[in-house]
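In what follows, a structure is listed as C-alpha cells, so that the remarks can point back to it.
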Amino acid sequence: MSVIRLPLAVDDQAAARLESLFWSMFCVKRALQRSTRSRLAEFWAGGRRRQDDAARWRRELGLSRRDLERIAYAHVDGAGWLKHHVSKALVMHQADEVWTGVERHLFPDASGRRAGRPRVGSWWEYRRIAGRARSHTRARKWETFRLHGSLQGHLDAYRHPALPAETATPAQVVSLAPGTPVLAQPRRLRPPRPVADRPGKCSWWDHDGPLTVVFAGGPDSERGELALPVRLPSGAGRWRWLRHFLGRPQLWHKIDLVRRPCLSAPGGWTYEAHLMILDGGYISPATRERRRCVAALERVGGVDVNVSNLSIVSLPVTLDPADGPVLADQIVLTEVEKAAIERDRRTVRRRARALERSRRASNKAQYELSRRQRKREQRRRAAGLPTRHVDLPKGSRLADRAGRPRNAYRKDRLTVGYRKLRTLIRAERAGRTEAQRARARQMASHLVAVHGVHLTVEACILSSWFRRWGRACAAFTPGMLTSALAVECAAAGGRLGRASTFTTALSQHCLCGQKVNKALADRIHRCPACGLTGDRDLVSAALGAFVTWTDQADPRTASVDFSTSRHALDVFGLGLQGALTESTVTRSRPARRTRGKNGSRTRKRTASARSHPERQWSRPRTGTRQGPHRTDVIGPRTVPTCASGAKEQALVSTSDSFRRVAGPIARSCAA
C-alpha cells in the first residue's frame, strides 16, 4: 500500500463545516479517552481480580475493541447534535484508534514493554479523521469519504491554454518536458455538481469530471453532501507520479481527512485528503535503472557512523585488484552548513524566549517574582513609594511541594500572537526535518551506487549518543543516514547488516588482526604489528567489510574474518593504505601565541618559518583533524608505487575538484 496527499480547495463555508466535523470527532475521541482512563484505573486497582483472571476482569470493565465501539455509539446517541455532523462509520474507526493505544498499554510487546496510559489529547493536536476502506466486492460502497472523478476529467476541466491540441490524455502529458504547464486551475475552485443519472436525481457515482472528495454528512444532517475540490500540480513533471496513484480508480482503497496548521488559510488550517491505494509507491524510471545497475555491482563494504561523520569503505567481492579498486567515502558537514545550523539555533532560541515572555505576560498569577524584582519591591516599600505593577514576572512557576505546577500548562491563556508564532515554528521545524530526510535519501542513493548493496554497520544505541552529544547528533543526523542506507540497500536487492560492537570491536582492531586499543579522543589508527596508519573511522569501516554472521538477523552472532582481511591487506598493499589514510592537506601548523612586553598577544614564528616563508606550506601533515567536524576534503588520491613493496606512508596530492552531494561533502578515495 502507498499514500498520496491531495490538497483540498476549501472556501469559507466549507472551512466552517470542516471545523464542525473535526470538533465533533474530537468530542467523541475525548469522551472515549476519559472513559477509558477511568476503566484502566479501576483495572489496575483491582489487584486480586487481575491476578485471578485478567481477561474476565477486562471483559467486566468493558476493555475491548467491541466495548469501546458500543461506548462511542452511546455517546453519539446521548448527544443528539453529533448526528448532524458525524456518521456511524467515522465513530467506529475513532473507537478503533483509541483502542490501539489502550491495547499497547494493556499487553506488552515482544520485548516485554508496555506503553504508557493513554492521555486525553488536546484540540490543537487532533489532526486526522480516519476513513473507512471501500468495498472491493460491492460496487459504489464508500461509507465515509469518497473520491469521485478521474484524472482525464480533471485535465479536460482545467486544461491550460498553452497546452498543445494534440496532447489530450494523461499518457500524452507524461511525455512532455518537465515544467510545461498542463493545468490552469483558478485560485478559488468551486465544487462541481453531481451528474443527473435520472430525471430529478443527481448522483456522484457517474461523475467523471474533476477530482472531488465527497462526504455525505451525519444521519440527521440537513446541509447535504460536503464536496471538496482537489488541487493537482500544474506542471508536467509530476504527472507520471499522478498517473501512478490516480490513473487506476479500481485500486483506490481508503481516504483519511487531515488538517495542518497554516496561517494564511481560512480558519488557520489547511486540509488534505490522504488517499491509500493497493499498490506500492511511485519509483521513477531513472531510479529503477540505477538500482538495476547497483544490484549488479559485486562489492562488499563497511560503514562506520559516529556523531559527526559517516565513513564507508568497499572492496570487490573477489578481493582481486583487477576487479576494482578500494573505494572510500567520508561524509562531513561543511563550514557553511555549520554556520547555517548555528543561525537556525539562534533563531529557535530567540523565538523560544519570545514564547516564554508571551506566556508569562498572559498568566502573571502563575509565576513568582524574581529575586531582583522582589528586592526592588522591598526598596520601594521601604522608601514609601507606591507599588509598581509588574507586567512580566521573571521568577519560577508556582508549584506544590512535589514540584508540580499548581495550574497545568494546558490551561494557560495564550494570545493569538503566541499561537501564530508557535504554528510558524512547527512549520519551519517540519520543513527542516523533511529537508534532512531528503538529504539522507539522496546521500544514501549516491553511496549505494558507488559501494554496492552489501554493507555492514555497527549496531549502536543512538539514544546514548543523543544524551551525550545531542546538538552534534541533531545537526548530522547519523540515525537518519543509517536508516536511509538500509532502505536503499533493501530496495536494490541487498542488505545493510548490523554487527554487535561487543563481538566485533571494529574500532579496536586492525586489518591484520592485531588489537589496537584507542581512546575516543584518538582519531588516528596506528598498528604496531603491520604498520598500517590511517583514519580511525575509515579503518573501522574497512574492517566491517569482513564481518560474517551465524544468523544475520541477530547482531550478536557477528564476528570478523581476520584471515580474509589479512589477505586483502597483502593483496591491495599501498592501495588499501592510501584509501585509509587521513586527509593530508598541506597546511602550516598553528603558531604558538605568547604574551608581548605590553601584555598583547603575539604570534611566535619559528626560525625555519622566518628563514623560509614558503616552507610553511611544503610539509604535509598526515593524520591532522580539526575539531569534531573535519571540512578539509580532498579529491581522488594518487598513491605512488614503492619499489620495495613495503607498507609505508604514502603522500597524497590535493585536488580542486570536490564533489558535493545534497549538502555534506563526499570524499572519494580510489586506489
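Values in this document were obtained by computation on a predicted structure and should not be read as measured data. Keep in mind that the numbers below use all heavy atoms, side chains included, and drop hydrogens, waters and symmetry copies.
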Take Ser2 and Met276, measure what side chain to side chain contact (heavy atoms under 4.5 Å, CB included) needs, and give me the verdict at the end. CA-CA 6 Å; Ser2 55; Met276 179 185 296; over 6 Å; no
Check the pair Leu455 / Cys489 against side chain to side chain contact (heavy atoms under 4.5 Å, CB included), numbers first and verdict last. CA-CA 8 Å; Leu455 303 175; Cys489 289; 3.9 Å; yes
Would you check, one step at a time, whether the test side chain to side chain contact (heavy atoms under 4.5 Å, CB included) holds for Leu485 with Met443? CA-CA 8 Å; Leu485 271 176; Met443 185 62 63; over 6 Å; no
The test is side chain to side chain donor-acceptor pair (under 3.5 Å); show your working for His525 and Asp535 and say whether it passes. CA-CA 6 Å; His525 172 88; Asp535 181 77; over 6 Å; no
Give the C-alpha distance, both sets of side-chain angles, the deciding distance and a yes or no for side chain to side chain contact (heavy atoms under 4.5 Å, CB included) between Tyr282 and Arg240. CA-CA 9 Å; Tyr282 171 73; Arg240 193 184 299 271; 2.7 Å; yes
Verify side chain to side chain donor-acceptor pair (under 3.5 Å) between Thr533 and Arg526, making sure each step is shown before the conclusion. CA-CA 5 Å; Thr533 303; Arg526 296 183 179 88; 5.3 Å; no
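Distance check: Phe476 CZ to Trp469 CH2 gives 14.5 Å after rounding to the nearest 0.5 Å. With rounding to the nearest 0.5 Å, the separation of CZ in Arg248 from CG in Asp279 is 4.5 Å. A distance of 11.5 Å separates CG of Asp537 from CG of Leu506, quoted to the nearest 0.5 Å. Atom CZ of Phe245 and atom CG of Leu251 lie 11.0 Å apart (nearest 0.5 Å). Taking OG from Ser314 and CD from Glu298, the interatomic distance works out to 13.0 Å, rounded to the nearest 0.5 Å. One finds the CD atom of Gln514 at 9.5 Å from the CG atom of Asn517 (value rounded to the nearest 0.5 Å).
Residues Leu481 and Pro478 have side chains not in contact (no heavy-atom distance under 4.5 Å, counting atoms from C-beta outward). Residues Val303 and Leu310 have side chains in contact (heavy-atom distance under 4.5 Å, counting atoms from C-beta outward). No side-chain heavy atom of Val547 sits under 4.5 Å from any side-chain heavy atom of Asp561. Between Leu327 and Val450 the shortest side-chain heavy-atom distance falls below 4.5 Å. Side-chain contact between Arg238 and Pro178 is absent, with no heavy atoms from C-beta onward closer than 4.5 Å. For the pair Thr456/Trp549, a side-chain contact is recorded, criterion being any heavy-atom separation below 4.5 Å from C-beta on. Using a 4.5 Å cut-off on side-chain heavy atoms (C-beta onward), Arg536 and Lys518 make contact. Side-chain contact between Cys473 and Val307 is present, with heavy atoms from C-beta onward closer than 4.5 Å.
Listed by chain and number, the residues in a ring pair (Phe, Tyr, Trp, His ring centres under 6.0 Å) with His274 amount to none (sequence neighbours excluded). With sequence neighbours excluded, the residues satisfying side-chain contact (heavy atoms from CB on, under 4.5 Å) with Leu6 are Ile4, Leu147, Val230, Leu232, Leu246, Ala273, Leu275. For His509, the ring pair (Phe, Tyr, Trp, His ring centres under 6.0 Å) criterion is met by Phe562, not counting sequence neighbours. For Arg350, the side-chain contact (heavy atoms from CB on, under 4.5 Å) test picks out Thr347, Arg353, with sequence neighbours left out. With sequence neighbours excluded, the residues satisfying side-chain contact (heavy atoms from CB on, under 4.5 Å) with Ala568 are Leu315, Leu319, Phe546, Phe572.
Remark: the Arg439 side chain and the Thr477 side chain contain an N/O donor-acceptor pair separated by less than 3.5 Å.
A 6.0 Å sphere centred on CZ of Arg429 holds no more than 12 heavy atoms belonging to other residues, nucleotides or ligands. Taking a 6.0 Å sphere around CZ of Arg5, one finds it holds 12 or fewer heavy atoms contributed by other residues, nucleotides or ligands. A 6.0 Å sphere centred on CZ of Phe107 holds more than 12 heavy atoms belonging to other residues, nucleotides or ligands.
Side chain of Thr504 to main chain of Ser500: a donor-acceptor pair is present (N/O by atom type, distance under 3.5 Å, no hydrogens or angles). Of the possible polar contacts, one joining the Asn306 side chain to the Asn309 backbone as a donor-acceptor pair under 3.5 Å is found. Side chain of Ser464 to main chain of Ile461: a donor-acceptor pair is present (N/O by atom type, distance under 3.5 Å, no hydrogens or angles). For Ser540 (side chain) and Asp304 (main-chain N/O), no donor-acceptor pair under 3.5 Å exists by modelled atom type. Between the Arg113 side chain and the Ala110 main chain, no donor and acceptor come within less than 3.5 Å of each other. Formation of a donor-acceptor pair under 3.5 Å by the Arg498 side chain with backbone atoms of Pro555 is not found in this model.
Glu428 has a carboxylate O that lies under 4.0 Å from a charged side-chain N of Arg351, or vice versa, which qualifies the two as a salt bridge. A salt bridge is absent between Arg441 and Glu488: the closest approach of a Lys/Arg side-chain nitrogen to an acidic carboxylate oxygen does not fall below 4.0 angstrom. Checked for salt-bridge contact, Asp109 and Arg104 miss the test: no charged N lies under 4.0 Å from a carboxylate O. By the 4.0 Å N-to-carboxylate-O rule, Arg556 lies too far from Asp551 to be salt-bridged with it.
Closest heavy-atom contact between Gln436 and Ala474: NE2-O, 3.6 Å. Closest non-hydrogen pair, Cys512 versus Cys527, comes out as SG-SG, 3.6 Å. Ile277 and Trp252 get closest at one heavy-atom pair: CG2-CD1, 4.0 Å. Minimum heavy-atom separation, Cys510 to Cys530: SG-SG, 3.6 Å. Residues Leu462 and Gly479 share a closest heavy-atom pair of CD1-CA, 3.2 Å. Closest approach of Ala558 to Thr503, counting heavy atoms only: O-OG1, 2.9 Å.
Annotation: salt bridge (Lys or Arg N to Asp or Glu O under 4.0 Å) contacts involving residues 451-475, sequence neighbours excluded, comprise Glu342-Arg471.
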